[in-house]
2 protein chains.
Amino acid sequence: MKGKPGRALAVMSGREDSTSRSAVPLLDDEEGIGAAHAEDRRFVWALARGLEILRAFGPERTALSVGRLSAMTGMAKPTVSRLTHTLAALGYLRVVDKRGHYAPTPAVLTLGYPVLSALKVQDVATAPMRELAEATGCLVGLGARDRLSMVFAECTPPSWLVTLRLGTGSRVPMATSALGRAFLAGLGEAERDYLLGRLALRHGAEWEALGPRVADGIEQVRARGFCIVDGEWQRDVRTAACPLITADGVMGLMAGAPGYTITNEILENEVGPRLVELAAKLSPLIGS
Amino acid sequence: MKGKPGRALAVMSGREDSTSRSAVPLLDDEEGIGAAHAEDRRFVWALARGLEILRAFGPERTALSVGRLSAMTGMAKPTVSRLTHTLAALGYLRVVDKRGHYAPTPAVLTLGYPVLSALKVQDVATAPMRELAEATGCLVGLGARDRLSMVFAECTPPSWLVTLRLGTGSRVPMATSALGRAFLAGLGEAERDYLLGRLALRHGAEWEALGPRVADGIEQVRARGFCIVDGEWQRDVRTAACPLITADGVMGLMAGAPGYTITNEILENEVGPRLVELAAKLSPLIGS
DNA sequence: CATTTTTGTGTTGCCTAGCGAAACAGCCAT
DNA sequence: ATGGCTGTTTCGCTAGGCAACACAAAAATG
């Protein structure tokens, strides 16, 4: 690229061995918004940065300070300060203590409602998913892609299961989860190859071992309609998943449980087929 | 405490703006982001505008064009075009047809997860709420304030009820819903008076009749712990609600059903007390 | 069916608003 | 007080908002 230091977050920084600067501002397991839009004149950075602030929060990061946000996102502190100030003025963030820690408020939930409503999740999916969850003892989830993760649109844990903490809006990685592999299997070739390329880029060296396992999951779906992942995403969690093609695009349906409550055989012979059956039933109902 | 609102509306940036302006940019039943921050140098307008774009979508407006968004929000079309372009590049919006209609994607759900996680909704609230819902035949909801509405953090409809379409992230007006009135009753005096003032401003002439009914709801809560609203929010929907004080602030708990499935007596003698009981149980568990 | 009307999106010029580096102001702790 | 923190203010330079224009496609009209 060119030596213009101009904008483009700190992702492409690293010209000199800077002392105090955090090397890479990547959030959790996500890729930043980086340089992809560096020359896009229609791209408004202020909005992208503000949303990255909201994304920085998570289950174990419920309250963050300006400095912490600055380090996590790679933005300058004054910028973060202004963005948090704005988000607080709009009601999406609030100050939780005198040290200036910010936390998201329920107002952000309103942003998500239109999608849930458009997908008709509550209308058609929740009840049969819950039924399957209670019948099999698995947590049953419906998810779609977000960047290189899968995000749950609906999540129905069986009433007695408390160890798996997932819910609407939570994410699992695409490459190591059954849900992600099933989703990939449901895509057209072009889009799947594109995503596999990005995944390879993101996982770096470990892709050597991971890539074939992803390909195997896709092959499982092709062979019998669903795939199984045992302990790759989280230790001692076994999951089956199948793709779900809707009018609004490809999603995925998964069912999983801790290893000590379910065997791979049950997952394969009972849960998997019922999952495929449910996906077929939901397929024409979900989305517009 | 907040600063003085003290300004009506309009006036975005230019002060000599005498040209004909698009009338009023109000979204559905919300107040715009108007003037309160007109002179706040720390306020980032681009971010506020982008979030208003996301807010413009709703259950019956699942896909919107640039022109429509421009009319709804009062922003210029090129501005909206760039914001939608940005949101699409980030994955929060996608183009759904050749005419350039945009629709939100499941990616926006990730923004809401941190709050649900922080409130521990799934961990402690969902199960007992569902239990109450099945036992009483009411939809049971847990909500918090967003601007002048109440937004649901969790919503558990009984399995057989399909006419009430509410879910996580959906909103009901503060003044005409039992949930809103119960929330107001749970606040401290200063904040309650501030909100009542804004509500009076927003409802204009009809506040003459509405205000006393709101006050009556608050009085009901004071007397017996919950209040009842019959048909004011939606025709033929009866609802009881009570405040729920958590470590993260005041919320509200409500239970409601269509009029032909429940009587006011049952609501008053059975549902209301159980609601109060549940709120007391959840109070120490929800939030940090 | 071609043409005009309507509706709606994407580009320019100009000027305001916002980003970022460095300096400035609070807070605690020792 | 003196550092070592962290969050907020100047100020230059650049990105982005707004108005007007240009343009594409559906709808209306003969």
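First the proteins, then the strands, lettered A, B, ... as listed; each starts at 1. Bear in mind that the values here come from a model prediction, so they are computed numbers and not experimental data. What you see below is based on every heavy atom in this structure, not just the backbone, and it leaves out hydrogens, waters and symmetry mates.
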K.L.:
Whole angstrom is fine here: how far is it from CD1 in A/Ile53 over to C1' in D/dG7?
P.N.:
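Spelled out: CD1 on A/Ile53 to C1' on D/dG7 is 14 Å.
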
K.L.:
Nearest of C/dC19, D/dA15, D/dT8 to any side-chain atom of A/Leu83?
P.N.:
C/dC19

K.L.:
Using a cut-off of 4.0 Å on non-hydrogen atoms, how would the nucleic acid contact of A/Gly67 be classed: base, sugar-phosphate, or nothing?
P.N.:
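A/Gly67: backbone/sugar contact only, no base atoms under 4.0 Å.
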
K.L.:
Using only atom types and a distance under 3.5 Å, with no angle test, would you say the side chain of B/Arg192 pairs donor to acceptor with the backbone of B/Leu187?
P.N.:
yes

K.L.:
Go through the steps to decide whether B/Glu154 and B/Leu119 satisfy the test side chain to side chain contact (heavy atoms under 4.5 Å, CB included), and finish with yes or no.
P.N.:
CA-CA 10 Å; B/Glu154 179 61 299; B/Leu119 289 173; over 6 Å; no

K.L.:
Under a 3.5 Å threshold, yes or no: a donor from one side chain and an acceptor from the other, between B/Thr110 and A/Arg171?
P.N.:
no

K.L.:
Could you check how far CZ of A/Phe43 sits from P of C/dC19, rounded to whole Å?
P.N.:
13 Å

K.L.:
Suppose we call a contact any N or O donor and acceptor under 3.5 Å apart; does that hold for the side chain of A/Arg82 and the base of C/dG20?
P.N.:
yes

K.L.:
Hey, is the side chain of A/Thr79 poking within less than 4.0 Å of OP1 or OP2 on C/dG20, counting only N and O atoms?
P.N.:
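So the side chain of A/Thr79 is within the cut-off, an N or O lying under 4.0 Å from OP1 or OP2 of C/dG20.
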
K.L.:
Among C/dG18, C/dC19, C/dT9, find the nucleotide with the atom closest to the side chain of B/Trp45.
P.N.:
C/dG18

K.L.:
Rounded to whole Å, how long is the line connecting atom CG of B/Leu47 with atom C1' of D/dA15?
P.N.:
15 Å

K.L.:
Can you identify which nucleotide, out of C/dT9, D/dC18, D/dT9, has its nearest atom closest to the B/Arg42 side chain?
P.N.:
D/dT9

K.L.:
Given atom NE2 of B/His85 and atom P of C/dG8, what is their separation to the nearest angstrom?
P.N.:
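Rounding to the nearest Å, NE2 of B/His85 and P of C/dG8 are 22 Å apart.
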
K.L.:
Quick one: B/His101 NE2 to C/dG10 P, roughly how many Å, whole number?
P.N.:
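After rounding, the gap between these two atoms is 12 Å.
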
K.L.:
Let's see if you can work this out: which of C/dG18, D/dG7, D/dT8 has an atom nearest to the side-chain heavy atoms of A/Ser65?
P.N.:
D/dG7

K.L.:
Between A/Ala46 and A/Arg68, which has a closest nucleotide on DNA chain D that is more 5'?
P.N.:
A/Arg68

K.L.:
Using heavy atoms to find the nearest nucleotide of DNA chain D for A/Val44 and A/Lys77 separately, return the residue whose nucleotide is more 5′.
P.N.:
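Per heavy-atom nearest nucleotide, the more 5' residue is A/Lys77.
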
K.L.:
With a 4.0 Å limit, can you tell me whether A/Arg49 has a side-chain N or O closer than that to the phosphate oxygens OP1/OP2 of C/dG20?
P.N.:
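Yes, within the criterion.
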
K.L.:
Taking the side chain of A/Pro78 as heavy atoms from C-beta outward, which of D/dT9, D/dG16, D/dC18 is closest to it?
P.N.:
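That would be D/dT9.
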
K.L.:
Among B/Leu142, B/Ile245, B/Asp248, exactly one meets side-chain contact (heavy atoms from CB on, under 4.5 Å) together with B/Ile286. Which residue is that?
P.N.:
B/Leu142

K.L.:
Would you check if there is a donor-acceptor pair between the side chains of B/Ser81 and A/Arg42 at a distance under 3.5 Å?
P.N.:
yes

K.L.:
From the set D/dG16, C/dT9, D/dT8, return the single nucleotide nearest to any side-chain atom of A/Ser81.
P.N.:
D/dT8

